[in-house]
Amino acid sequence: MRKAAVGTAVVCAATACAVSVLIVRRRMRNSCRWARAEAILKELEEKCATPIGKLRQVADAMTMEMHAGLASEGGSKLKMLITYVDNLPTGDEKGLFYALDLGGTNFRVIRVQLGGKELGVIKQEAEEVSIPPHLMIGSSNELFDFIAAEVARFISSESEEFQLPTGRQRELGFTFSFPVRQTSLSSGTLIKWTKGFSIDETVGEDVVSELTKAIDRQGLDLRVAALVNDTVGTLAGGRFYDKDVVAAVILGTGTNAAYVERVHAIPKWHGLFPNSGEMVINMEWGNFRSSHLPLTDYDDSLDAESLNPGEQIFEKLVSGMYLGEILRRVLLKLAEEAFLFGDTVPPKLRIPFILRTPHMSSMHEDTSSDLHVVASKFKDVLGITGTALKTRKMVVDLCNIISSRAARLSAAGIAGILKKQGREFTLERQRTVIALDGGLFEHYTLFRKSLESTLAEILGNEVAPFVVVIHANDGSGLGAALIAASNSQYSELEVS
Ligand code: GLC
């Protein structure tokens, strides 16, 4: 009996010992894993750092590239496209005009009744339609037919409050938010697709005639009176309400900027545009690239695996299409190398673009003490449950690193434009307004705050109070309609 008791005691002691060895091992393993996770986070933080000195270098590089892009065709990664918009809205525009805004995952159709100086925008209506993903990589006809059919539906539902004088053709401003080489205010050829669109047969084609053919196939009597980029539309829409608007920036699915350039500053334009003092330039800044950009391995692999490798590098660091995807890539590394979500990698984490920027912003802006928004996004989007609070805190830190880099770089880009316009250091201070739009700017509050405070930081106390950032909500549609109004086939009748 005694022997048996001793034996049992020995077995128990051995088991207890083994269990505690296991616990110690697991603890050690966990602490090793956590240390690895923290090292990955720290490395990301260092590589994404954007101290003010670096931002000034980025701003200077942007200014230099703007000069180079204007000086010669292909002289820079910045295309600096002439838009033929040399008259921005004055407020005198009158009549019923339409706009079609295509540039991301959704497109919008707008009608607006303009009442001139006294009445302004009398009435405006819009409808938004999402583009089925297969049409983004399908055929040109399919895409344009889908759009034209929606335009036809929109027009057929018009109420009597909108009045088109009898005998007049409807006129539309087409906001096409891709790089286009314009040949006039109402024609231009597509240089390349961006933001996940890829339809080879449209590249090199006149996008207005593609749309016009589709409109004709619908049997619609509608003239495309203007072709504008969304940045240009936003600039025009912004100027309609505020005469001090001199540039516009889109921060949405993609990113880009347009600004007002002085024609006399560009010798080669003197013959081309003899009568105009100003010309709006579509920079296509999404394609900006500089050795000063803080790029990481995550950015390199995202670019290499994208539909347009080597292109739109600034856009891939900054815009809404990519921020969530950068975060996914960091989380995947944490899962693979630090086993942050258990011994196996959660399968959904391997799916590109599954984590969208709106998911990221709601996790980043989760102010609850238990970070339950982070937990629920992880569960709903990635199928990951049971994350520890410290893991969720790390996720918030990651969102902050990735979005701050994007917001601060955008601010540096804006500072670069102001410098090109000579508004950064002028002694004679003038109010300068930048019109911003796009889902990233509109809905990601921490992003927007970071952009605004960084711009003030770069400009300094003396200049910053003169620079105002406004949200030109859906200004690009209104802007396109206004530009169509200024290019209306009836405008001369209006004057006389
Ligand atoms: C992409 C397009 C550009 C557009 C921007 C914002 O960068 O190339 O034309 O303005 O997205 O929508």
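Since the model is a prediction, treat every value here as computed from it, not as a measurement. Remember, it's 1-based here, ligands and their atoms both numbered in the order they're listed.
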Margin query: Less than 6.0 angstrom from the centroid, inside 45 degrees of the normal: does Arg111 satisfy that with respect to the ring of Phe154?
Written below: yes
Item checked: Per-ligand residue contacts, ligand 1, heavy-atom threshold under 4.0 Å -> Ser177, Phe178, Pro179, Thr194, Lys195, Asn229, Asp230, Ile250, Gly254, Thr255, Asn256, Glu284, Gln312, Glu315
Notebook entry, point to check: According to the ring-ring contact (aromatic ring centres under 6.0 Å, His included) rule, which pairs have a member within residues 192-213, sequence neighbours left out?
Noted result: Phe176-Trp193, Phe178-Trp193, Phe178-Phe197, Trp193-Phe197
Notebook entry, point to check: Can you check whether His364 and Phe447 have ring centres sitting under 6.0 Å from each other?
Noted result: no
Item checked: With sequence neighbours excluded, residues passing side-chain hydrogen bond (donor to acceptor under 3.5 Å, both in side chains) with Gln182 -> none
Check: Is the closest side-chain donor-acceptor distance between Ser488 and Glu171 under 3.5 Å?
Finding: yes
Check: So which pairs with a foot in residues 50-77 pass ring-ring contact (aromatic ring centres under 6.0 Å, His included), sequence neighbours left out?
Finding: none
